Amino acid sequence: MQTETPKTIFLKDYEPTPQAIRHVRLLVDLHPTATRIVSDMQVEPRKSAPMVLHGEGLELLSVTIDGVDLADHRYSHKNDLLTIAEVPSQSFTLRIEQRCNPQANTALSGLYLTSGVYCTQMEAQGFRRFAFFHDRPDVMATYDVRIEASLAVPVLLSNGNHVRSGKIVGTDRHFAEWHDPHPKPSYLFALVAGDLAAVLDTFTTMSGRKVALGIYVEKGKEDRCGWAMESLKTSMSWDETAFGREYDLDVFNIVAVSDFNMGAMENKGLNVFNDKYILARPDTATDTDHVNIERIIAHEYFHNWTGNRITCRDWFQLCLKEGLTVFRDQEFTSDIRSRPVKRIEDVRTLRARQYPEDQGPLAHPVRPASYIEINNFYTPTVYEKGAELCRMMQTLIGKPAFRKAMDLYFDRHDGEAATVEDFVRCMADASGRDFAQFFRWYEQAGTPVVEVKTRYDAKTHVFELTLAQSTPPTPGQADKLPQHMPLALGLVGPDGSDLPLHLDGVGALNTPLIELTEATQVFRFTDVAKRPVLSLNRGFSAPVIIKGEARDDDHLFLMGHDSDGFNRWEAAQSLARDLFVKAARALGDGKPLPDAKPFAQALGRTLADPDADMAFKALMLELPSEAEVAAALRTDVNSDHVRNGRMAIRAAIARDLLPALDGAMASTRETTDYTPDTQSTGRRSLRYSALALIAAADANRGLALATVELAKPHSMTAEIGALSAVLSNGDAAPLLEQFLQRHREDHLLVDKWFMMAAHVPLPGAATRVEALLQHPLFTWTTPNRVYALIGGLSGNLAGFHAEDGAGYRVVADAIVRLNSINPQVASRMATGFRSWRQFDTARKAHAESQMRRVLATPNLSPDVFEIITRTLA
Ligand code: BES
Ligand code: ZN
């Protein structure tokens, strides 16, 4: 059992440290099991108080102040804190000598070894596992780093600019020195050392400075770095044009490693990446991988300004850098690819990841007020909803004012550790608008619901729109106040064109946007000649749930006619979701399935539309997920009914569309070499969505088509597209096996194989996954592999939520096992339980007893403790 309840940290308790640390000089003497670190800190006291530094799992060797060794009684080291009772009242140099063990570090936080490469991951609180420090983001210092290592470790990297390197005479060791002139918090420190290959390039900034670019990878993988390098240069130049932001060092290095908890990390001048988000060749990475790489390279690069130059005062402000940087990377992708497609994809991610969080026991505000373990707050809410808040502010004040506000933010806060208030104040100051009510979006958890009522008076030509908003209670927040929502809208006339908008009391609307601020508000549109169909929340202008009174025929009409592409897609999604929900209920009640014909016909018209692009058609064919259906059912969910109902309706739709789907296959054959441009990725996404539907309609034909694709695959996109399309076919097992045999030497493709195996939507997923844990290629210490297999199982709705509880048991076993290896990975796996209360009594009982078993584990990490206790509460 947990001996002590982990401590909760509160936003309201924020206080600056009694001492600033202005400069750090580090000597890092690398050794696999005993790395010695000597840190010289230039300390500036702010007030008279003991100096209390963080330090975890470190061996303390000595403490010196201004060259004088401190006697033992002048400091104490316990509970991960080093307290120096008395320090000078004027500036002084504190030298601490300490040791850590990179080889034993399986948590992958701090300094660790991965395939012989030394690597650091300091965000959020890893630096304290490397050296004693005020390990918090508001303590910003410049750094000078000297790395010493064996000659067998030739590449020695750290932040900033390279100063010098050389051999250490009389030894088999060498050194390198780095200087980072920009003050930064400890979480942005990085060090990498190993026998790595380098791919080099240059970028000339808008002011004409030449920056040396380097991507460091495992030797032999140099031919898989081209796309990442291309993406880096595109990102650097986009930030110059879109935000006027130039890079600020002489070097920008990226390192790819294969053991990494997250996707990537924005350390100043030395980004570290999960190699999954660097390595790509047409035959090893899919279109999705290529687009992800481009996006994540951009995201980490953009942090140089939003995160690094301006950082966070404390970790409660995490959305200040993450939400904003996600918004920036979304804009980047929209600009260089397709804006409407990107918007739909982002909303899909939001609904698949953030909505379940916001509507379940783990719901928390974009800026939380408390936490136990900060690593548990790198969530879809902080990231994706955080990005939506930036987008809403841009919608409210318009793009030019938003850009002005960003300039003001960079101007005002460069070099500082800022707060969300600082950021929103820039929005207000640059636009003259009041964001007081808007700020509630940062503080209130939960997804707001907007209920729509409309009334059209054919005599007076008035269209009356009544909107009522409410936000359901979330943990710790029973009552919610009304939020400030920008709602883009259109009134669609019978011929499909938008009618002019005259808002009573306002006049003609230049921007088709209304602002909902009250709990209930009536908007009266005048001079509406015919009964219009309302198209609300166009482009998903506010991240809410619209509860409409719209009839199926209105949705069918919008699906074919709305000038807003997003709402054409949205109309299709709500129709399909309704069908799936009805089908799941019908299976429970032993009733016949609903009729999918009208929907299938409308979808057929979209497929035949010569004006719609292929990527859009593909998105229209991607019907709502099982998780979305479960969420729409809300309670007492039987996951088998959800899956079977959805599959049956999908098959019926596909049967109606067969000729069109065949046509899509014929028109998307590859005629040239692989390139991941927007056109080609769109074409392939249509091809494999179509193939998946053909397989749903006719299993044998699907299998035959997939076999052809796989015989001599055009690209990895073709291989994954074809295999994923037939996963539900029991006879596809040999194709999966063939994939493994072809690619067993490529660890990233082995991950894909484990993931597909876990996703197979046939009964018994949990048992199959349990067996795969014994597979010679499975390992518990590589996060990607665990995410593929265990994460794959929790992403398999009917597999994880199996009626006999086997899915819960296998995941709970995994959490217990991972708890002592890597708490962050363990707690990420624990979030799989977040929607357990939606399910029926038998399932809930199994889930609860498995969570209680996890909670009873000896030495449970605060990470897992927090997630499970909140999930059970
Ligand atoms: N700063 C984070 C990485 C991070 C997250 C470090 C949590 C430590 C703890 C980085 O900028 C990030 O957000 N990475 C994302 C990908 C990004 C494109 C959203 C990731 O790693 O998933
Ligand atoms: Zn980030």
Side-chain angles (χ1 to χ4, degrees), residues 107-110 112 119-130 135-137 184-190 228 231-232 235 239 254-278 288-312 315 317-333 342 345-346 349-350 353-354 366 368 371 373-388 390 783-784 787 791 822-828 831 863:
L108 312 186
S109 158
Y112 62 95
C119 171
T120 55
Q121 172 52 43
M122 299 317 199
E123 190 179 3
Q125 298 177 335
F127 195 87
R128 64 187 62 181
R129 296 162 56 89
F130 173 73
D135 189 15
R136 34 186 280 178
K184 65 169 178 289
S186 50
Y187 83 86
L188 290 173
F189 172 85
S231 304
L232 175 58
S235 308
D239 214 16
I254 289 179
V255 183
V257 297
S258 36
D259 296 292
F260 201 70
N261 286 344
M262 303 295 294
M265 177 63 209
E266 70 265 26
N267 318 299
K268 184 81 189 188
L270 179 57
N271 288 1
V272 176
F273 273 63
N274 188 322
D275 59 2
K276 167 180 183 184
Y277 295 120
I278 292 292
T288 308
D289 293 327
H290 281 82
V291 174
N292 282 337
I293 289 169
E294 178 181 86
R295 181 244 166 153
I296 299 184
I297 295 251
H299 176 98
E300 306 310 338
Y301 175 73
F302 297 157
H303 269 314
N304 192 54
W305 278 95
T306 49
N308 302 4
R309 291 289 289 249
I310 306 179
T311 193
C312 302
W315 291 119
Q317 320 296 327
L318 184 59
C319 68
L320 178 68
K321 74 176 180 83
E322 294 303 347
L324 177 57
T325 305
V326 169
F327 171 72
R328 272 153 53 68
D329 81 57
Q330 290 175 345
E331 285 299 290
F332 164 78
T333 306
K342 175 63 176 164
E345 285 169 352
D346 287 341
T349 318
L350 189 78
R353 291 159 37 89
Q354 201 273 327
V366 170
Y371 62 76
E373 172 52 62
I374 186 57
N375 285 313
N376 286 332
F377 283 84
Y378 288 76
T379 59
T381 296
V382 169
Y383 275 67
E384 270 83 44
K385 190 174 177 183
E388 291 300 320
C390 297
N784 286 357
Y787 298 152
N822 187 329
Q824 285 184 42
V825 173
S827 98
R828 273 176 93 171
T831 61
D863 310 57

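Counting from 1, the numbers follow the sequence of the chain as shown. The structure displayed is predicted, hence computed values, not measured ones. Every number for a ligand or one of its atoms is a count from 1 in the order of the listing.
- Interface of E123 with ligand 1, defined as ligand atoms under 4.0 Å from a residue heavy atom, comprises 1 (N), 2 (C), 3 (C), 4 (C), 6 (C), 8 (C), 9 (C).
- The protein atom (non-hydrogen) at minimum distance from atom 3 (C) of ligand 1 is A264 O, 3.1 Å.
- Residue contact check: Q121 has heavy atoms under 4.0 Å from atoms 6 (C), 8 (C) of ligand 1.
- Contact annotation: for H299 versus ligand 1, heavy atoms closer than 4.0 Å belong to the side chain alone.
- Each of the atoms 1 (N), 2 (C), 10 (C), 11 (O) of ligand 1 lies under 4.0 Å from some heavy atom of E266.
- Near M265, with a cut-off below 4.0 Å to any heavy atom, the atoms of ligand 1 are 1 (N), 3 (C), 6 (C).
- Relative orientation of the Y378 and W315 rings is tilted, given thresholds of 30° and 60° on the angle between their planes.
- As for E322, its N/O/S atom nearest the Zn ion (ligand 2) is the one called OE1.
- Of the options T379, L318, L320, T381, a side chain to side chain contact (heavy atoms under 4.5 Å, CB included) to V366 is made by T381 and by none of the others.
- Ranking the protein heavy atoms by distance from atom 13 (O) of ligand 1 puts Y383 OH, 2.7 Å first.
- In this pair, F332 and F302 present their aromatic rings perpendicular. The plane angle is above 60°, beyond the 30 to 60° band.
- Residue I296 approaches ligand 1 through these ligand atoms, each under 4.0 Å from one of its heavy atoms: 18 (C).
- Between E345 and R295 there is no salt bridge, since no side-chain N of the basic residue sits under 4.0 Å from a carboxylate O of the acidic one.
- Taking only non-hydrogen atoms, the option from Q824, R295, E384, E300 nearest to atom 15 (C) of ligand 1 is E300.
- Nearest N/O/S atom of H299 relative to the Zn ion (ligand 2): this is NE2.
- Counting the atoms of ligand 1 from 1 in the order shown, those under 4.0 Å from a heavy atom of K321 are 1 (N).
- Looking at Q125, Q330, M122, M262, it is M262 that brings a heavy atom closest to atom 5 (C) of ligand 1.
- Set against the non-hydrogen atoms of H303, the atoms of ligand 1 under 4.0 Å away are 11 (O).
- Which parts of ligand 1 touch G263 is read off a 4.0 Å heavy-atom cut-off, strictly below it: atoms 20 (C), 21 (O), 22 (O).
- Inter-residue side-chain proximity for S186 and M122 is flagged as unmet; no heavy-atom pair is nearer than 4.5 Å.
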